[in-house]
Amino acid sequence: MQLAVALRFRDLVACEDRRRDTERLAGRRRSADALMAAVLSALGTMGAVVALGWVLGRWRVLGERAAPVLARVVFAVAAPALLLATVARADLHLLVSRTAVVTWSCTALVALLAVVVLRLVWRRSPADVTVGTLSSSYVNAGNIGLPLAVYLLDDPVAVVPTLLFQLLVLAPVAFAVLDAHPAGSHATPARREGSPVPVGLRVAAVARRTVSNPIIVATLTGLVLAALPWSLPDVVLQPFTLVGAAAAPLALITFGMSLAVPRGTGASAPRRDLALAVGLRSVVHPVLTWGVGTALGLPAPALLAVVAMAALPTAQNVLVYAMQYRHGEALARDAGLVTTVLCVPVLLVVAATLG
């Protein structure tokens, strides 16, 4: 009798274990399915808009100079409006969370690694190092990251630490370097003629360009508004939200138009630089984030969130910045294209592993 009871108990335990394993596998499938739906939905929408830009560029519907003009509109008007409205509504307490520590430290390490290889090993110019670093570390948190945060994590706030680090650290530092090494019409007459420029004038010129940069000004303004002890009425931010809504589609159209330029016209990116950007963006960053998040004891949902954000592709805004400063356009374009294609399998691996 006791033997029969023991055997029965063993069978019940085995059935319960099988049930839990089945539920765990089903949960992982649901996470993978949700992730795939979010990725494919975001990429499908982006692909349609990029294709529209390619058609407009291929048949020159908007004229020869349309892409630089659109890039300027995004850089000077639409993106600043979007950033001001986004940062002004952000919860600044997220800046001191463990999730933010993992996101910020890993992104900074990836950017530092790109700088070391590009500048110290390959001896690239400061401007090319900057574009290469952005291509390696500046992710598409808006067009792909936000849908992923909504559909996969059911928490749009998950993308905020990534956005804030890019807007408050990466972008201002990059613009300061690019402003210090202008090309073409951005250069001073003395710089274009090759004559030396006094250090004081160079510092003053960089400071003047930095404080007049519309993206930096919008980000800092949004940060001040977010720090206020009261919330602004929605009617105040609605105009910025409305104008900012044009930033993503215009950036995607600009990206599509850049793809329509014949390769003989737009130089191809250096293969080593492109391989470095793609490797850091699609492999090193998510693996590093997983290691640091695990070491700091992030719970499973938070770990999935930070690794998924780290696996996002290079943002189209990097191409907009490169076109604005006329440095590294080919690298920004090709890195955005390759990492966007690779992000689907990478994110599916993330969901299958951590979901």
Side-chain angles (χ1 to χ4, degrees), residues 30-59 61-62 66-67 70-71 73-75 77-79 81-83 85-86 89 135 138-160 162-163 166-167 240-261 278 281-282 286 304-305 308-321 323 332-351 355:
R30 285 194 296 270
S31 295
D33 291 344
L35 178 59
M36 180 178 289
V39 173
L40 294 180
S41 174
L43 290 180
T45 301
M46 290 173 56
V49 181
V50 170
L52 172 61
W54 185 88
V55 170
L56 294 175
R58 178 66 179 81
W59 278 274
V61 176
L62 302 180
L70 288 180
V73 171
V74 174
F75 183 84
V77 181
L82 176 63
L83 299 181
T86 301
R89 295 188 177 102
S135 299
Y138 201 102
V139 304
N140 197 331
N143 296 329
I144 299 181
L146 186 56
L148 281 183
V150 171
Y151 295 132
L152 173 64
L153 309 169
D154 195 27
D155 182 15
V157 177
V159 77
V160 172
T162 300
L163 277 174
Q166 294 184 167
L167 301 180
F240 297 96
T241 303
L242 179 62
V243 175
L250 286 181
L252 292 171
I253 289 174
T254 304
F255 182 58
M257 295 179 73
S258 72
L259 295 177
V261 177
V278 172
R281 178 73 268 112
S282 300
L304 173 61
M309 293 301 110
L312 294 173
T314 302
Q316 277 74 40
N317 279 347
V318 176
L319 176 62
V320 172
Y321 303 155
M323 294 178 68
R333 177 194 63 211
D334 293 349
L337 178 61
V338 175
T339 57
T340 299
V341 172
L342 290 178
C343 82
V344 176
V346 172
L347 286 170
L348 290 178
V349 170
V350 170

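Just so we're clear, the structure is a prediction, and the values are computed from it rather than from any experiment.
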Please test Val159 against Met309 for side-chain contact (heavy atoms from CB on, under 4.5 Å), starting from the C-alpha separation and ending with a verdict.
CA-CA 7 Å; Val159 77; Met309 293 301 110; 3.8 Å; yes
CG-CG distance between Leu70 and Leu252, expressed to the nearest 0.5 angstrom:
12.0 Å
Paired with Leu250, the side-chain contact (heavy atoms from CB on, under 4.5 Å) test is passed by just one of Val49, Val73, Val320, namely Val73
Apply side-chain contact (heavy atoms from CB on, under 4.5 Å) to residues Val338 and Leu342 and explain how you reach the verdict.
CA-CA 6 Å; Val338 175; Leu342 290 178; 4.0 Å; yes
Minimum heavy-atom separation for Leu312 and Gly145, please, with both atom names.
CD1-CA, 3.6 Å
Thr314 and Asn140, any side-chain heavy atoms less than 4.5 Å apart:
no
Do Thr162 side-chain atoms and Ala141 backbone N/O form a donor-acceptor pair below 3.5 Å?
no
Can you tell me if Gln316 uses its side chain to pair, donor with acceptor, with the backbone of Ala248 under 3.5 Å?
no
Hey, is the main chain of Ser135 close enough, under 3.5 Å, to the side chain of Arg281 for a donor-acceptor pair?
no
side-chain contact (heavy atoms from CB on, under 4.5 Å) for Phe255 and Trp54? Distances and angles first, verdict last.
CA-CA 8 Å; Phe255 182 58; Trp54 185 88; over 6 Å; no
Taking every non-hydrogen atom, the tightest pair across Val350 and Ala308:
CG1-N, 4.2 Å
Please give me the minimum heavy-atom distance between Leu82 and Ala247, naming the atom from each residue.
CD2-CB, 4.1 Å
Closest heavy-atom pair, Thr254 versus Ala71, reported as atoms and distance to 0.1 Å, is OG1-N, 4.0 Å
Can you find a heavy atom in the side chain of Leu56 that is under 4.5 Å from one in the side chain of Ile253?
yes
Could you walk me through whether Ser258 and Leu319 pass the side-chain contact (heavy atoms from CB on, under 4.5 Å) test, one step at a time?
CA-CA 9 Å; Ser258 72; Leu319 176 62; 3.3 Å; yes
Restricting to non-hydrogen atoms, name the atom on Pro286 and the atom on Ala311 that form the minimum distance, rounded to 0.1 Å.
CB-CB, 4.1 Å
Within-4.5 Å side-chain heavy-atom neighbours: Val55 and Met257
no
Compare every heavy atom of Val74 with every heavy atom of Ala251, then report the nearest pair and how far apart it is.
N-CG2, 3.8 Å
